[in-house]
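Comments concern the structure below.
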Amino acid sequence: MNDLKNEHIELKKGMTEKDLEIEAKEAEIHNLKKANVRDISSREMDIDQPCHTPANEALHARGSCWTSTKRVCLEESAHPELERNKSKDIKTKGVQTDLPLNSGHLERKKVLMNNISSNLCAIWGRPANSMLGRSLISKILASCSEEMLTLFQSARLPDKCETSTEASSSMNNAVSEVYDIIVKMNSDTIPIQTLLEALLNLCVVGNAVVVSRALRILHSILQNLLTHGTRSNQRNNVSIETYVDNNMEIERNNQEHSSALLNTPDPEEDGLHIGNMFLPSTFWTPFFTGVLQIALKYSEEGIRVDALSIMILTVRTSDSKGEREKFGFISVMESLHQLLQKENALLVKKHSVHLLFLLLNCPAMLKMLCSGGKDGSELMETVGCENEPQQAINSVLKDLSECLTCEATTSLELKLCRLVVNLLAFIASSGKLGYEVLLGSVTAHSFLELTMEVLASQMECKVDFSTEVHELLNERYLLMREVLILLNRLASHAMFSKPTLEVLMGSKRCAGLTIDIANRLPQRSKYPLRQLNPQMANDLADLAQKFRSRVYGFLEEQQHSTAERCDTGASGKPPRVPR
């Protein structure tokens, strides 16, 4: 702020000097005009007869007054139309003015204004394709002013307990370090990585209030970096070049240029570029681990939600095939197990499931989860027990099954259930091992049975329109839709349709729920579809009708197979196929 103030003062001084020069030029032009008018008037009086003097004097007075008024108007306005009028009026006999001097004054004034505008843009704005440290700090100050104020004021608070002197001193030093780095970043002399590491260190030594503020600042910084940053290892597969049919040399050069774009970049330069700032890819793994430890250290909902939000941004920034493998599968799964337990808030669970979803976008991590830790040994950390990967995976799967509660009635609970259903659909789409995860019994019931119970519970859930809003109805619709899509995908799969329907019909309770859903849900005029708008009701009814046809098709096939077995057992011969 002091740098901006000093630069503003210098600009004002420059403007004052320019204004004085302009006023001096205007006074000089005014004096020249007066002298020119008096000289011309005297010559006209010498040429004319004495008897014509009064008329000439009146004419000269009127002309002088009109010319003076016109000149003032021209100097007060730079409108093009008035400029054209002036160029016509100066051709009047005896009223010639110095046009080049006046045009030069207007040009100098225009150049001055352009210079001032460019200086202001350099101070408060930023170029189109770059992001300097000063611009980043301005955005942080604008979005996190309250957090920054609380953070810096915390270093001034006196110690309330003598035993906390050492911890308080460490925290004050960390706050001072963050402040110094922000000041230096304003002049673009400190890399952005230093600021992120200082804020992470502050989260380690600070109290709960300081940690909360530091995490919000970190989240704001990462959001700005992701908005304006580009990865150096991104491939540019599209090359638009001018095609010249009769010049094979240009075509060959274009092919060489396109091949160069597809070359793998130097691993040492791999990372996130933000204007003139750079974050190497090696930064993200220790940063992710540090934030994860902070989320486990504090039990406050706000701190855990902010930490999980930062980890989500970090995973989104990383490469899904290379960098995410380095986060450590077992340690991440064990940490997510702690964040998904019942005592955690719903928002913490929701962010944890979202983070797990992003991590499983790494093919190696997804393969290891689906195999129960048997495949993907390169992701394992040094462990002391062979059952530890399997135990960590089972713990997380059990937590996910508990999230699929049939008592979901609030909007956040419905969102959490829907996110778990989407995650299960993603796991099932990975192949046979992923499908077996849905059929496996982590608890008393499989994931497939739990999803059917969720769908049945939402069908029976009554709506109190005095308290329930449209958002809740929309969330119920989205959850039922995702469950029906998953069931239809499994029930129509060439390999998995039969085992899916066998599981749904395997127990008396699940079979009753399946038949009830297949009979009631396709009817648009009955509850619960009558509560939704026509478009939502039609969408769910169509999906339910497809599921119904697959269920009854399976039942008819089973009945036919049973009848064939009965006929074969009675006669000892295969049954005759009717025409």
Whether Arg509 and Glu449 form a salt bridge (side-chain N of Lys/Arg under 4.0 Å from carboxylate O of Asp/Glu) is what I want to check.
no
When rounded to the nearest 0.5 angstrom, what is the spacing between CG in Leu222 and CZ in Phe287?
5.0 Å
Between Gln341 and His337, is any side-chain donor less than 3.5 angstrom from a side-chain acceptor?
yes
Measure the shortest side-chain to side-chain distance between Lys326 and Trp284 over non-hydrogen atoms and say whether it is less than 4.5 angstrom.
no
How close do Pro522 and Ala541 get, heavy atom to heavy atom, and via which atoms?
O-CB, 3.7 Å
If I take atom CG from residue Leu339 and atom NE2 from residue His351, how far apart are they, to the nearest 0.5 angstrom?
12.0 Å
Can any side-chain N or O of Arg481 pair as donor or acceptor with the backbone N or O of Leu540 at less than 3.5 Å?
no
Taking every heavy atom of Pro389 against every heavy atom of Ile330, the minimum-distance pair comes out as CG-CD1, 3.8 Å
So do His445 and Glu453 actually touch side chain to side chain, heavy atoms under 4.5 Å?
yes
Rounded to the nearest 0.5 Å, the CG atom of Leu215 sits from the CG atom of Leu202 at a distance of 9.0 Å
Do Val178 and Ile217 touch side chain to side chain, with heavy atoms closer than 4.5 Å?
no
Identify the two heavy atoms, one from Val315 and one from Arg324, that lie closest to each other, and give their separation to 0.1 Å.
O-NH2, 2.9 Å
May I ask you to decide whether Glu471 forms a salt bridge with Lys415, counting only side-chain N to carboxylate O separations under 4.0 Å?
yes
Taking side chain to side chain contact (heavy atoms under 4.5 Å, CB included) as the criterion, tell me which of Leu439, Leu397, Val421 meets it with Phe447.
Leu397
CD/Gln559: more than 12 non-hydrogen atoms of other groups inside 6.0 Å:
no
Might you confirm whether atom NZ of Lys297 has over 12 heavy atoms from other residues, nucleotides or ligands at distances under 6.0 Å?
yes
When you measure from the side chain of Asn488 to the backbone N and O of Leu484, does any donor-acceptor pair fall under 3.5 Å?
yes
So, the side chain of Ser457 versus the backbone of Val454: is there a donor-acceptor pair under 3.5 Å, distance only?
yes
If the plane angle is over 60° it's perpendicular, under 30° parallel, otherwise tilted; pick one for Phe426 and Phe357.
tilted
Residue pair Ser429, Arg489: steps toward the side chain to side chain contact (heavy atoms under 4.5 Å, CB included) verdict
CA-CA 9 Å; Ser429 65; Arg489 284 176 57 189; 3.5 Å; yes
Parallel, tilted or perpendicular, judged at 30° and 60°: which one describes the rings of His493 and Phe496?
parallel
Would you say that Met311 contacts Leu308 through its side chain, given a criterion of any heavy-atom pair below 4.5 Å between the two side chains?
yes
Between Thr514 (side chain only) and Cys510 (backbone N and O only), is there a donor and an acceptor less than 3.5 Å apart?
yes
Tell me whether Asn538 contacts the main-chain N or O of Pro534 through its side chain, where contact means a donor paired with an acceptor under 3.5 Å.
yes
Please examine the side chains of Tyr552 and Ile515, heavy atoms only from C-beta on, and report whether any two atoms are closer than 4.5 Å.
yes
Does Ala142 offer a backbone N or O that forms a donor-acceptor pair with the side chain of Ser145 under 3.5 Å?
no
Could you tell me the separation between the NE2 atom of His219 and the CG atom of Asn224, rounded to the nearest 0.5 Å?
10.5 Å
What's the spacing between Ile427 CD1 and Asn422 CG if we round to 0.5 Å?
11.5 Å
4.5 Å side-chain heavy-atom contact, Leu438 and Val503
no
Among Met459, Gln458, Arg548, the one residue meeting side chain to side chain contact (heavy atoms under 4.5 Å, CB included) with Leu521:
Met459
Counting C-beta onward and ignoring hydrogens, is there a side-chain heavy-atom pair between Phe329 and Cys362 closer than 4.5 Å?
no
Please walk me through it: do Leu448 and Met452 pass side chain to side chain contact (heavy atoms under 4.5 Å, CB included)?
CA-CA 6 Å; Leu448 193 57; Met452 186 61 67; over 6 Å; no
Give, for atom CG of Leu490 and atom CG of Leu501, the distance between the pair rounded to the nearest 0.5 Å.
9.0 Å
For Leu360 and Leu423, the nearest pair of non-hydrogen atoms, with its separation, is CD1-CD1, 3.9 Å
How about Thr500 and Tyr435: does a side-chain donor come under 3.5 Å of a side-chain acceptor?
yes
For a quick test of reading the model, state the closest non-hydrogen atom pair linking Gly373 to Ile393 and the distance between them.
N-CD1, 3.4 Å
Quick check: closest heavy atoms across Leu450 and Ser401, and the distance to 0.1 Å?
CD1-CB, 3.6 Å
Leu196 vs Phe283, side chain to side chain contact (heavy atoms under 4.5 Å, CB included): CA-CA, chis, key distance, verdict:
CA-CA 10 Å; Leu196 296 176; Phe283 166 77; 3.7 Å; yes
Does any part of the side chain of Leu479, heavy atoms only, come nearer than 4.5 Å to the side chain of Leu455, both counted from C-beta?
no
From the list Glu482, Glu475, Glu413, side-chain hydrogen bond (donor to acceptor under 3.5 Å, both in side chains) partner of Arg418 resolves to Glu475
Side chain to side chain contact (heavy atoms under 4.5 Å, CB included) between Asn394 and Gln391, worked out:
CA-CA 5 Å; Asn394 288 340; Gln391 182 179 355; 5.9 Å; no
